[in-house]
Amino acid sequence: MNTGDTLIHKETTEKIIGAAMTVLNSLGPGLDEKIYERALVAELEAIKAEVSQQENFPVVYRRKEIGRLIPDLIVDGQVLVETNVAKHFAQAHEPQILGYLAITGLRVGLWLNFKQARLQWKRLVR
């Protein structure tokens with residue numbers, strides 16, 4: 001699945017999707033999403049990607065910090081990645097990732113689903 005402009009950070013998103021496929025093929029489907037997240041970090045680091053895990057971003061409203069946003073991963077300082085183990089992609093995931101992009105200032109997000117034997121993914125561009 002693909003949404004938005006395919007040119008922005010194309011190499012990085014392809015690297016992430018390939019790493020996620022390697023993880024899923026190795027571990028199989030249906031495990032806890034944090035296991036996939038940690039395995040994806042290990043796989044990305046093995047291919048020399050820069051990975052930030054569980055980085056904190058302030059959520060500000062009317063100049064007041066009202067909370068913290070903690071996305072799963074940010075790869076090469078360019079692409080926000082959310083890992084899931086969900087029955088299927090739900091429309092609710094799209095606005096969540098777009099909101100994360102707005103808060104982090106990033107332009108590209110990937111939603112990865114490790115529930116099935118074949119990786120599901122959605123690329124979103126803000």
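Taking 4.5 Å as the limit, every side-chain heavy atom of E82 sits out of range of all side-chain heavy atoms of L110. Side-chain contact between I8 and R123 is present, with at least one heavy-atom pair separated by less than 4.5 Å. Between T13 and V108 there is a side-chain heavy-atom pair separated by less than 4.5 Å. Between V75 and E50 the shortest side-chain heavy-atom distance does not fall below 4.5 Å.
Interatomic distance, CG of L24 versus CG of L40, reported as 11.0 Å (0.5 Å rounding). To the nearest 0.5 Å, the span separating NE2 on H9 from CG on L80 amounts to 11.5 Å. Separating the NZ atom in K115 from the NZ atom in K87 is a distance of 8.5 Å, to the nearest 0.5 Å. Distance check: K15 NZ to K48 NZ gives 11.5 Å after rounding to the nearest 0.5 Å. If you take CD1 on I16 and CG on L73, they are separated by 8.0 Å, rounding to the nearest 0.5 Å. Note that CD of Q120 is 11.0 Å distant from NZ of K122, once rounded to the nearest 0.5 Å.
Taking all atoms of both residues into account, the shortest heavy-atom contact from P58 to E65 is CB-OE1, 3.6 Å. Here the closest heavy-atom approach between residue L106 and residue G77 is recorded as CD2-O, 3.5 Å.
With no hydrogens or angles considered, no side-chain donor-acceptor pair links N113 and W121 at under 3.5 Å.
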request  = Start with the C-alpha gap between R68 and V59, add the side-chain angles, then the distance that decides, and say whether side-chain contact (heavy atoms from CB on, under 4.5 Å) holds.
outcome  = CA-CA 5 Å; R68 305 293 288 176; V59 178; 5.9 Å; no
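For the pairing with V81, the side chain to side chain contact (heavy atoms under 4.5 Å, CB included) check across I74, L112, D72, I97 returns one residue only, L112.
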Compile the donor-acceptor pairs under 3.5 Å between side chains in residues 28-35 and protein atoms, sequence neighbours left out, one pair per line.
{"residue": "D32", "atom": "OD2", "partner": "K34", "partner atom": "N", "Å": "3.0"}
{"residue": "K34", "atom": "NZ", "partner": "E37", "partner atom": "OE1", "Å": "2.7"}

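Sorted by first and then second residue, the ring pair (Phe, Tyr, Trp, His ring centres under 6.0 Å) pairs with a member in residues 30-60 read Y36-F114; sequence neighbours excluded. Residues in residues 59-85 take part in no ring pair (Phe, Tyr, Trp, His ring centres under 6.0 Å) pair, two or more places apart or across chains.
If you chain together hydrophobic residues whose side chains sit under 4.5 Å apart, I47 and V79 fall into the same group. Linking Ile, Leu, Val, Met, Phe, Trp and Tyr residues whenever their side-chain heavy atoms come within less than 4.5 Å leaves Y100 and V60 in two separate clusters. Note: the hydrophobic cluster containing L69 also contains W111 (ILVMFWY, side chain heavy atoms under 4.5 Å, direct or indirect links).
Other residues, nucleotides and ligands contribute at most 12 non-hydrogen atoms within 6.0 Å of the CD atom of E11. The number of heavy atoms from other shown groups lying within 6.0 Å of CZ (R118) does not exceed 12.
Judged by distance alone, with hydrogens and angles left aside, the side-chain atoms of R107 form no donor-acceptor pair with the main-chain N or O of V125 at under 3.5 Å. A donor-acceptor contact shorter than 3.5 Å links the side chain of T104 to the backbone of L101.
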